[in-house]
Protein chains: 2
Amino acid sequence: MVTIREVAKESGFSSTTVSIVLNNAPLSRYIPETTKKKIERAAKKLGYRPNLFARTLRNQRTHTVGVMVFDMTDPYCTPILRGIENTLYQASFLPILTDVHNERSRFERYLEMLLDRKVEALIIVANWLFVDIDVLGDLEKNNVPTAMIGREPHTRSIGSVMVDNEQGTQMAIQHLFALGHRQIAFLRGPKHITDTAPRWKGVQDFAKKNGLEIDRKLVLDLPESRDPLSPFDAGYKLTMELLETKRPFSALMAFDDMTAFGAIRALTRAGIKVPEQCSVVGFDDIAHSRYLTPGLTTVRQPMPEMGAMAVSLVSEGISAVQEKRKITLNHRKLSPELIVRESTAAVV
Amino acid sequence: MVTIREVAKESGFSSTTVSIVLNNAPLSRYIPETTKKKIERAAKKLGYRPNLFARTLRNQRTHTVGVMVFDMTDPYCTPILRGIENTLYQASFLPILTDVHNERSRFERYLEMLLDRKVEALIIVANWLFVDIDVLGDLEKNNVPTAMIGREPHTRSIGSVMVDNEQGTQMAIQHLFALGHRQIAFLRGPKHITDTAPRWKGVQDFAKKNGLEIDRKLVLDLPESRDPLSPFDAGYKLTMELLETKRPFSALMAFDDMTAFGAIRALTRAGIKVPEQCSVVGFDDIAHSRYLTPGLTTVRQPMPEMGAMAVSLVSEGISAVQEKRKITLNHRKLSPELIVRESTAAVV
DNA sequence: TGCAGGTATTAAAACGTTTTACATTCCTGA
DNA sequence: TCAGGAATGTAAAACGTTTTAATACCTGCA
């Protein structure tokens, strides 16, 4: 490995000057062009690459951001990660991605690793979060700017990016309503998931405002589970139960896309055609949803944008730390978008 | 931040001794238990965490492995990444994941970043690889143990993990054949994908051996593309073309699962029921395949195992580097597994 | 003439480890 | 009594940067 001293020797200047020139430091203002040229030539000739560890040791900067995701296999998070990666890349930051497997111990271990590696910020993709909240409380102590995606933190010192869940379900039910559906079944999310309540609130608000009657017998809840793919099986099972009650419904609104997939399978098995005999709508718009036949009508979360937004929140925090200002992080709520595909149709 | 010197002061020993004890270095053999206890207590009391950058600067080890994936949004790679992550975690290594977006410039940039950060090994998930081979040739120069998943490297110095493509398609066509299918349509992969040739060879070998006649008019090729999700649209389009020729077929074998999804949509649109009127089989067994209705019969690549295998290959390389032995990396071919779901049925 | 201030450059300290080489004491066997 | 090894510990160098503080020269101005 070629060091700065070798570049110094080669160029005939001291390593101080080399450092100043190569980093374009403030002092380089006083260094004449000819000197700069010589140094740059020498550096290039030797193929000099500064040792990042020495550099970090000295000036404390790592140009890395820790990213913790609760479950990588959840298709919901891939586009978010893309958004994060893409935005960080522009800023020459390197994301360090860890997958917590929804386990407390892994969360703690990885958090430790990231802090040891002195990430300059932390982004937490809290999809399908099972870990208790107090773990997240620990985050406050470390004065690393932190943002959470998909969950409202209970503390002010952590930024957050959320989709507007209420608005999302309102759009979905509005769509079903407009298609003439009045007997609608609902598969609500598990109680421990924070998205569950606001999504249901959106439905209720719409129902109240538009005189839509909700049959409580057609409302079922997904069971708790730490597996983000489990809603498929649960959706299948609950839909089967729903069918057994013989209570008629012409549309079904699922907590998320995976639940919708399960529901579709159950309906199909029961000989009920989607969307001809029953419309189905999901939430999230994960990648699968487009490729399913029929394509799933769903509420899209702007996942890449959410990732990008989280980066921009923590960037602000990083600047604050640099300038020794106090860090304050904002909370953002992004609007979803209704994606109409083939799984919904007008009531016959 | 508390340094080793503060621990030294607190415990009453020199930082040398503290270092020896805390690292359990060979010399610690001579340090009496009482001393060790005192030092450990002091370290714990102060909450000492060694500065990894200082440590790396000194002893050159980073305990990180670079992982480069060509396209994160490809559902094929998520389980592989899980396998990699999980295995590295056991060994207290931290993966540093980069997404190359199938762009040459990003590949080079990220490679540079990873090398600057002195990753101790490199794992490349070469799914849906578009980047030219010579870029990969560059990898040889850096004497970092490297393994590739999903593609045979042209050089001996890089390890590789592949699925046995030939065996996979043989299993698939054997399955269709056993169900009585004789008129089978094929959607082959794009020519620039390395998997394409061996998969087709598996089909041909089986056909020859079992007297199955392949109608060349029923064999179409996917176009080239750098998007791993594009086969959906291509599969749809090609299947439509196939149907227009009016040439009968009772089964369709797709290059991969995405292609199969596209084919299923086309068939469904054309009023042809899967599997009653036409069986469809895919390749890969990405997560979607289970959740589609009907569930897709496909050839499963053992993705988590492939990831784990790649880690074990480079681990060997890391050991070699440590002991200053010459690094040699192996090539492994793993067996796929036929997953029979609902998209295939006996010919009527 | 003296001095203020800009320009050009560098020596040396500092960042926090690990490791080499050495120092001291204590024991053991001759 | 002494040589030499084992046990216990440390001073100092080294890893490769960045930055502070300093030096030296020049120019222009009072």
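Naming convention: chains lettered A, B, ... in sequence-line order (proteins, then strands); numbering from 1 in each chain. None of these values were measured; they are calculated from a predicted model.
- Atoms NZ (A:Lys118) and C1' (C:dC15) sit 11 Å apart, rounded to a whole Å.
- Residue pairs meeting the side-chain hydrogen bond (donor to acceptor under 3.5 Å, both in side chains) criterion with at least one partner in residues 21-30 of chain B, sequence neighbours excluded, are B:Ser19-B:Asn23, B:Asn23-B:Arg55, B:Asn24-B:Ser28.
- In this structure, CD of B:Gln60 is placed 7 Å from P of D:dG16, rounded to the nearest angstrom.
- Atom CZ in A:Arg61 sits about 11 Å away from atom P in D:dT19, given to the nearest Å.
- Take A:Val7 and apply the side-chain contact (heavy atoms from CB on, under 4.5 Å) test, not counting sequence neighbours, and it matches A:Val2, A:Val18, A:Ala42, A:Ala43, A:Leu46, A:Tyr48.
- For A:Lys118, the side-chain contact (heavy atoms from CB on, under 4.5 Å) partners two or more places apart in sequence, or in a different chain, are A:Thr62, B:Met1, B:Asn51, B:Phe53.
- Side-chain contact of A:Ser14 with A:Arg5: a donor-acceptor pair under 3.5 Å is absent, judged by distance alone.
- Both B:Ile31 and B:Leu57 lie near DNA chain D, and the one whose nearest nucleotide falls closer to the 5' end is B:Ile31.
- The local environment of CG in A:Asn59 is crowded, with over 12 non-hydrogen atoms from other residues, nucleotides or ligands closer than 6.0 Å.
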**Complete:** Under a 4.0 Å heavy-atom criterion, the protein footprint on nucleotides 17-23 of chain C, written with B, S and -, is BBBB---
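- Remark: A:Glu108 engages A:Arg104 in a salt bridge, criterion side-chain N to carboxylate O under 4.0 Å.
- With hydrogens and angles ignored, the 3.5 Å screen pairs no side-chain donor or acceptor of A:Thr35 with any backbone N or O of A:Ile31.
- A:Thr35 comes within contact range of the sugar-phosphate backbone alone, with a heavy-atom separation under 4.0 Å but no base atom that close.
- Atom CZ of A:Arg29 and atom P of C:dG6 are 9 Å apart (whole Å).
- B:Tyr30 places its OH atom 14 Å from the C1' atom of C:dC27, with the value rounded to the nearest Å.
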Side chains of residues 303-316 of chain A: which donor-acceptor pairs under 3.5 Å do they make with residues two or more places apart or in other chains?
unit_1: A:Ser312; atom_1: OG; unit_2: A:Met309; atom_2: O; d: 3.3
unit_1: A:Ser315; atom_1: OG; unit_2: A:Val311; atom_2: O; d: 2.8
unit_1: A:Glu316; atom_1: OE2; unit_2: A:Arg325; atom_2: NH2; d: 2.9

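- A rotation axis mapping the C1' atoms of four pairs onto the next four is fitted at both ends of the helix from C:dT1-D:dA30 to C:dA30-D:dT1 over five pairs, and the angle between these axes is 70° to 10 degrees.
- Nucleic acid contact for B:Phe53: none, since no nucleic acid atom lies under 4.0 Å from a heavy atom of the residue.
- By the 30° and 60° cut-offs, the orientation of the rings of A:Phe107 relative to A:Phe70 is parallel.
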